[in-house]
2 protein chains.
Amino acid sequence: MYSIGELSRRTNVKVPTIRYYEQTGLMSVPERTHGNQRRYDNAGLERLTFIKHARELGFTIEAISSLIELQDNPDRSCEAATEIASAQLGDVRARIKKLRSLEKELARIARGCDGEGKSSDCYVLESLADHHHCQQAH
Amino acid sequence: MYSIGELSRRTNVKVPTIRYYEQTGLMSVPERTHGNQRRYDNAGLERLTFIKHARELGFTIEAISSLIELQDNPDRSCEAATEIASAQLGDVRARIKKLRSLEKELARIARGCDGEGKSSDCYVLESLADHHHCQQAH
DNA sequence: TGTAACACCTCTAGTAACTAGAGGTTCAAG
DNA sequence: CTTGAACCTCTAGTTACTAGAGGTGTTACA
């Protein structure tokens with residue numbers, strides 16, 4: 001049996017975050033000591049590890065909740081898990097695409113200014129105020 | 001002079017968001033009508049446009065506040081604006097790099113499961129529960 | 001046994017950038 | 001004048017945590 005602090009050290013998930021996961025339903029309510037302290041078994045450790053991996057991959061709490069439900073129901077179709085993972089993959093790809101666009105625009109802005117002038121002639125500030133830019137970005 | 005609704009329509013920034021920007025100090029407090037409604041001049045329109053562009057590029061409210069201060073002080077050095085823009089560019093690049101890594105891992109997970117099995121044999125769920133994966137990801 | 005340090009507890013509220021909704025007033029058109 | 005749309009302030013919610021206050025429990029040591 002692990003205390004919450006031991007669980008935190010083993011998984012690198014902070015104590016308040018573990019409590020948060022219990023509050024949001026991702027973690028089952030653990031046993032308590034006579035002194036009201038949480039005690040987790042190996043199933044709890046494995047569950048937290050699962051949650052941590054999924055969070056690292058960017059899955060939302062809601063998506064992780066769905067994945068856990070599938071895990072707890074071994075007869076369920078694997079299709080749902082695939083859909084959740086694929087949706088997340090698509091989301092990541094969309095975010096990459098958007099960030100690449102932002103990178104390009106920011107590089108243009110940052111490159112145009114060598115930092116030597118005054119802010120009254122600043123390319124960065126002018127670019128942000130540029131209505132021509134406004135029309136293109138929409 | 002523009003009402004807040006007109007400003008919203010011209011800039012595509014929502015009314016509550018404009019109020020939020022006023023609350024956070026990005027937008028100057030505008031004149032009011034006798035009926036207590038906000039009325040913005042062209043300077044207000046330009047300021048909101050500036051804020052919108054910067055938000056679209058991912059600058060935080062704090063960074064935008066700094067940029068606005070530079071804009072309002074034309075004798076200030078352009079260097080600060082360049083640093084803010086370059087920091088944002090670096091941040092965007094770091095996020096792209098991280099997302100690329102996530103994409104790769106998610107693609108591996110999603111590809112390994114054809115969605116035909118049961119969740120008890122699910123590659124997605126097994127990958128998330130995989131302690132070997134855990135060691136690599138840290 | 002008493003003490004002290006550390007770990008645990010619940011609860012409230014904050015973070016960032018909005019967003020939603022309640023309950024009210026103002027404005028403009030018919 | 002009436003009505004509907006737009007405006008107002010205020011409170012609270014969203015997501016995923018995080019911080020801190022005020023208290024209790026646990027363990028090691030004297």
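Predicted model, so just to flag it, every value in this text is computed and none were measured. Below, read A as the first sequence line, B as the second, and so on, with proteins coming before strands; counting in each chain starts at 1. These numbers come from the heavy atoms of this one structure, side chains and all, not from hydrogens, waters or symmetry mates.
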Verify the contact: side-chain N or O of [X] to OP1 or OP2 of [N], cut-off strictly under 4.0 Å; return yes or no.
X: A:Thr24; N: D:dA16; answer: no
X: B:Arg38; N: D:dC7; answer: no
X: A:Arg39; N: C:dA7; answer: no

Counting any heavy atom closer than 4.0 Å, what does A:Thr33 reach on the DNA or RNA strands: base, sugar-phosphate only, or nothing?
sugar-phosphate

Determine the contact category for B:Arg9: base if any of its heavy atoms lies under 4.0 Å from a base atom, sugar-phosphate if only primed atoms, P, OP1 or OP2 are that close, otherwise nothing.
nothing

Can you name the residues that form a salt bridge (charged side-chain N to carboxylate O under 4.0 Å, His left out) with A:Arg9, not counting sequence neighbours?
none

Contacts of type salt bridge (charged side-chain N to carboxylate O under 4.0 Å, His left out), residue B:Asp41, not counting sequence neighbours
none

Under the rule for side chain to side chain donor-acceptor pair (under 3.5 Å), what residues qualify as partners of [X], not counting sequence neighbours?
X: B:Tyr21; result: none
X: B:Gln88; result: none
X: B:Arg93; result: A:Glu103
X: B:Arg55; result: none

Applying side-chain contact (heavy atoms from CB on, under 4.5 Å) to A:Lys14 and not counting sequence neighbours gives A:Pro16, A:Thr17

Sorted by chain and residue number, the side-chain contact (heavy atoms from CB on, under 4.5 Å) partners of B:Ser65 (sequence neighbours excluded) come out as B:Leu26

Which protein N or O atoms sit under 3.5 Å from an N or O of nucleotides 15-25 of chain C?
unit_1: C:dA17; atom_1: OP1; unit_2: B:Ile61; atom_2: N; d: 3.2
unit_1: C:dA17; atom_1: O3'; unit_2: B:Arg55; atom_2: NH2; d: 3.4
unit_1: C:dC18; atom_1: OP2; unit_2: B:Tyr21; atom_2: OH; d: 3.0
unit_1: C:dC18; atom_1: OP2; unit_2: B:Arg55; atom_2: NE; d: 2.5
unit_1: C:dT19; atom_1: OP2; unit_2: B:Thr17; atom_2: OG1; d: 3.0

Pairs counted only when both distances fall under 3.5 Å, Watson-Crick or G-U: show me the 5' to 3' dot-bracket for DNA chain C, [ ] for pseudoknotted crossings and | for other-strand partners.
||||||||||||||||||||||||||||||

Salt bridge (charged side-chain N to carboxylate O under 4.0 Å, His left out) pairs touching residues 30-40 of chain A, sequence neighbours excluded, are A:Glu22-A:Arg38

Looking at B:Leu45, is its backbone amide N or carbonyl O close enough to the side chain of B:Thr49 to form a donor-acceptor pair, meaning the two atoms are under 3.5 Å apart?
yes

Scan residues 91-102 of chain A against DNA chain C and write down, sorted by residue number, each residue with any heavy atom closer than 4.0 Å; if none is found, say none.
none

